[in-house]
Amino acid sequence: MTEQAQIDTLRTKAIAPRKLLIDGQLCDSETGQTDNVISPLDGSVLTTTAAGSKGDTERAIAAARRAFDDKRWRGMPPAARKKIMLRWAELIEAEMLDLAVLGVRNNGTEIGMALKAEPGSAIATLRFYAEAIDKVYGEIAPTPGDVLGLIHREPIGVVAAIIPWNFPLMIGAWKLGPALAAGNSVVLKPSETASLSLLRVAELALEAGLPAGVLNVVTGEGRVVGEALSHSMDVDVVVFTGSGATGRRLLQASAASNMKRCYLELGGKSANVVFADAKNLTEAAAVSAAGIFRNSGQVCVAGSRLLVERSVHDDFVAELAKAAKSMRVGDPLDLTTQAGAINNATQLAQNLSFVETAQAEGGTLYQGGQRVLEDTGGYFMEPTIITDVAAHHSVAQKEVFGPVLAVTAFEDEDDAIRLANSTDYGLAGGVWTSDLSRAHRMVREMHTGVVHVNTYGGPDVTVPMGGVKQSGNGHDKSLHALDKFLDLKTAWVKL
Ligand code: TXE
């Protein structure tokens, strides 16, 4: 059977109502309440999830705390923990297609991208951190000879991981991999609109041998479950990807409770800077189009601001518009689709209203701007290009998180740097040039966590990902991510 035929057999598969996972048991919410799971592909109800309450969340936190205190996980020999995490990755791999299709039905990402970015990336991430378990050492300090200074690295305790809807498995694994590899216990709170694949992956962790209580999952509303986690006196670390507004609430809750550490990834308004001396402007235009329009712009590092040197502005925008027009928007479960659905109706309405505001503020709607395929009942939007955008316009300052590209012309390198750094965000960016020195100058001057050079997107788990300014703090991916989940302890020993 072809891959497409296999996907088609899974696209209508019934999905049983999903429960919470607390202390190794699948259970209903204490209130018995459930939430409908709406498919962005056609607006239908896919299934229900348990609507976790404050009490459910507290039960999950208590289970995680017990698991941490009795050392059932952190006390295991590192090689044994590694084996369990590797087995977990294997089980996910065995269900890769099912998980990808389940995730797409829930969140709308085009399947071609989901296969790689969701189970594919989660598997690689879990393997990376599993391998790190028996390879990360403590340190011995360079002390005088009559003392011994040992630097231990210890798991911290209970981690709350709050996950968004755009890439639940990939981002989930970025948090779960290092948190669990470091020996912590976790309470995971998936997004209201993309929990199904994560719930299945958590069940697979138990199947792989992760002891009960080490990984708990509470679905439900952010303002209930998320608030209970962030205000808990018994959660030690919160790791989060989502909006700046929620990030602020997490910091406030931390200050009002036990001053738990908060590591926040809060999206961006990333500048993709194209110089006239770029080697191949046609290729740059095609990659730049994918860099904003894949997953319909619902990518935290999306190159949502295009800064183009004035001498090539018109030609480059025309080329990019051609590439955007040729992208296939539609059925996320068709392998040829290049831009799937918008995750939810609220986000679609927000995207469309950004297009209106952009024009009201002086931008020109160059292409797109409309909802499409409305008769499917799903949430689809055309790749949209707004030109004549000034640095102060909303569409240049605020994260749209949709297929909307803001284009601004620049005069020279200094002007490009000034514009690139002119937002409160600092997550990612891109530079297209054939001048090596200029490329490195731009990498230095762009105030962001990631800069792509002559490409856009694609960094793997070996490199850190995180923002500066109001894009957040702390890094996902790479061995640096372990630092969020390990405390340093000094032993100062008189010999
Ligand atoms: O985010 P929220 P939403 C941005 C993007 C998007 C906007 C809104 O601009 O348009 O955020 O999306 C949980 N305490 N990004 O509404 O609300 C919530 O349940 C604790 C960028 O989905 O921040 C979910 O699990 N938790 C981004 C998670 O926070 C709370 C990815 C994210 O939801 C909570 C997604 C609370 N009070 C959206 N309220 C990126 N950086 O990639 C909600 N949550």
Side-chain angles (χ1 to χ4, degrees), residues 35 37-38 40 49 51-52 54 57 106-109 117 160-168 170-172 174-175 187-195 198-199 217-232 235 238-254 256-257 260 262-270 295-302 304 342-354 379 381 394-395 397-404 423-428 448-450 457 465-467 469-476:
D35 292 317
V37 179
I38 309 291
T49 48
K54 183 165 185 253
T57 311
N106 195 177
N107 88 334
T109 299
I162 304 178
I163 310 297
W165 40 259
N166 51 336
F167 294 104
M170 176 172 80
I171 296 173
W174 288 352
K175 318 288 189 199
V187 179
L188 177 71
K189 189 241 168 277
S191 162
E192 292 87 325
T193 57
S195 58
L198 262 178
L199 282 162
V217 189
V218 185
T219 45
E221 290 186 31
R223 64 183 180 86
V224 179
V225 179
E227 290 282 329
L229 288 169
S230 62
H231 281 95
S232 169
V235 167
V238 172
V239 281
F240 171 76
T241 298
S243 65
T246 302
R248 271 177 213 282
R249 293 185 72 89
L250 294 173
L251 292 171
Q252 283 162 347
S254 165
S257 57
K260 58 182 68 64
C262 295
Y263 296 103
L264 311 173
E265 201 270 76
L266 307 174
K269 194 75 226 179
S270 300
N295 200 16
S296 292
Q298 301 162 114
V299 179
C300 50
V301 297
S304 55
I342 308 299
N343 175 260
N344 58 77
T346 310
Q347 183 68 43
L348 174 62
Q350 182 178 304
N351 296 347
L352 295 169
S353 103
F354 262 109
Y379 315 132
M381 182 171 168
S394 310
V395 75
Q397 289 296 327
K398 299 195 171 137
E399 185 177 54
V400 177
F401 219 57
V404 179
T423 76
D424 290 334
Y425 288 108
L427 189 58
T448 63
V450 179
M465 219 293 280
K469 303 201 288 187
Q470 289 182 35
S471 286
N473 64 322
H475 290 92
D476 288 315

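Ligands are counted one by one from 1 in listed order, and the atoms in each one are counted from 1 as well. Computed from heavy atoms alone, side chains included, the values below leave out hydrogens, waters and symmetry copies.
T109 and N295 are linked by a side-chain donor-acceptor pair at a separation below 3.5 angstrom, with hydrogens and angles left out of the test. Under 3.5 Å, the side chains of K175 and T241 contain a donor-acceptor pair of N or O atoms.
To the nearest 0.5 Å, atoms CG (L198) and CH2 (W165) are separated by 15.0 Å. To the nearest 0.5 Å, the span separating CD1 on I162 from OG1 on T246 amounts to 8.5 Å.
A heavy-atom cutoff of 4.0 Å around ligand 1 is satisfied by the protein residues I162, I163, P164, W165, N166, K189, P190, S191, E192, G222, G226, E227, F240, T241, G242, S243, T246, R249, L250, E265, L266, G267, C300, Q347, Q350, E399, F401.
In terms of the side chain to side chain contact (heavy atoms under 4.5 Å, CB included) criterion, residue partners of L352 (sequence neighbours excluded) are, by chain and number, L348, R371, M381.
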### Query
How far apart are the C-alpha atoms of N343 and Q298, what are their side-chain angles, what is the distance that settles it, and do they pass the side-chain contact (heavy atoms from CB on, under 4.5 Å) test?
CA-CA 8 Å; N343 175 260; Q298 301 162 114; 3.7 Å; yes

